[in-house]
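All residue numbers refer to positions in the sequence shown, counting from 1.
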Amino acid sequence: MSALPRRGIASLAVSLLCGLAAAPAHAAPAPASTPTHAASATPAPATPTHPASATPAHATRALPPPPLPDDRTGDHLTLVVHGAGAGRDGVRQLFCHPEAGDHPDPAAACRVLDENTRWGQDTFAPVPPDSICTMIDGGPATAHVTGYWAGRPVDADFSRRNGCEIARWDRLVPFLPATGSRTSR
């Protein structure tokens, strides 16, 4: 497992791609204007160079721009909850890496999602249809999650209609709201 978080890897990749696309530091700058026809072309003046080197004085190494705070193309989820109770029902937006949105606790929600993310496994996968689950009713709460997590699209439904669904829901609390019938971990 890499020590870099997903956001760090993405930023590194963007930085590398931007650095490759930038002009080399030793390349001469493009002329300020291009003549419209060959008859009016005049030789360009020589570019002044720094006395200690043969590089032009105005040439600097091109660096990619830093990520913008409004860059929200990474981990973004929309959570719609019904039947969980007053203060827990509604539509919430969550951004991770960095944490933001109108979720009641974005830092804790992102942390529990990170803890439940495993390479090669779908964090939001439904309970397999052949699962043997206890017939416990966990209440009327339902949730629908859409968006992107770990670079993959998400479209998942959650309920508390049996023991497997309750465990699946509880695994993602506090991303999903805690309910009165939450089982102990």
How far does [atom1] of [X] sit from [atom2] of [Y], to the nearest 0.5 angstrom?
| X | Y | atom1 | atom2 | result |
| --- | --- | --- | --- | --- |
| Leu172 | Glu115 | CG | CD | 10.5 Å |
| Gln121 | Thr123 | CD | OG1 | 8.0 Å |
| Leu77 | Cys96 | CG | SG | 6.5 Å |

Do you know which two heavy atoms are closest between [X] and [Y], and how far apart they sit?
| X | Y | value |
| --- | --- | --- |
| Trp149 | His97 | CH2-CE1, 3.8 Å |
| Cys110 | Glu99 | SG-CG, 3.6 Å |
| Ala150 | Asp75 | N-OD1, 2.8 Å |
| Ile166 | Arg160 | CG2-NH2, 3.5 Å |
| Ala100 | Pro106 | O-CB, 3.9 Å |

Determine whether a donor-acceptor pair (N or O, by modelled atom type, separation under 3.5 Å) exists between the side chain of [X] and the backbone of [Y].
| X | Y | value |
| --- | --- | --- |
| Asp137 | Arg161 | no |
| Arg88 | Ala84 | yes |
| Asp102 | Gln93 | yes |
| Arg92 | Gly101 | no |

Before we go on, tell me: are the rings of Phe95 and His76 under 6.0 Å apart, centre to centre?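 Aromatic pair counts; centres sit under 6.0 Å.
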Is it the case that one hydrophobic cluster holds both Val127 and Phe175, taking links as side-chain heavy atoms less than 4.5 Å apart, direct or via other members?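 No; Phe175 is not reachable from Val127 via cluster members.
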A side-chain contact here means heavy atoms from C-beta on lying under 4.5 Å apart; do [X] and [Y] qualify?
| X | Y | result |
| --- | --- | --- |
| Ile136 | Asn162 | no |
| Thr117 | Phe124 | no |
| Arg111 | Pro174 | no |

Hey, is Asp122 close enough to Arg152 for a salt bridge, meaning N to O under 4.0 Å?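 No.
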Those residues that, when tested against His144, pass side chain to side chain donor-acceptor pair (under 3.5 Å) (two or more places apart):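 Result, side chain to side chain donor-acceptor pair (under 3.5 Å) vs His144: Asp155, Asp157.
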Can you list everything that forms a side chain to side chain contact (heavy atoms under 4.5 Å, CB included) with Ala143? Sequence neighbours excluded, please.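 Expected list: Leu79, Val81, Phe158, Trp169, Leu176.
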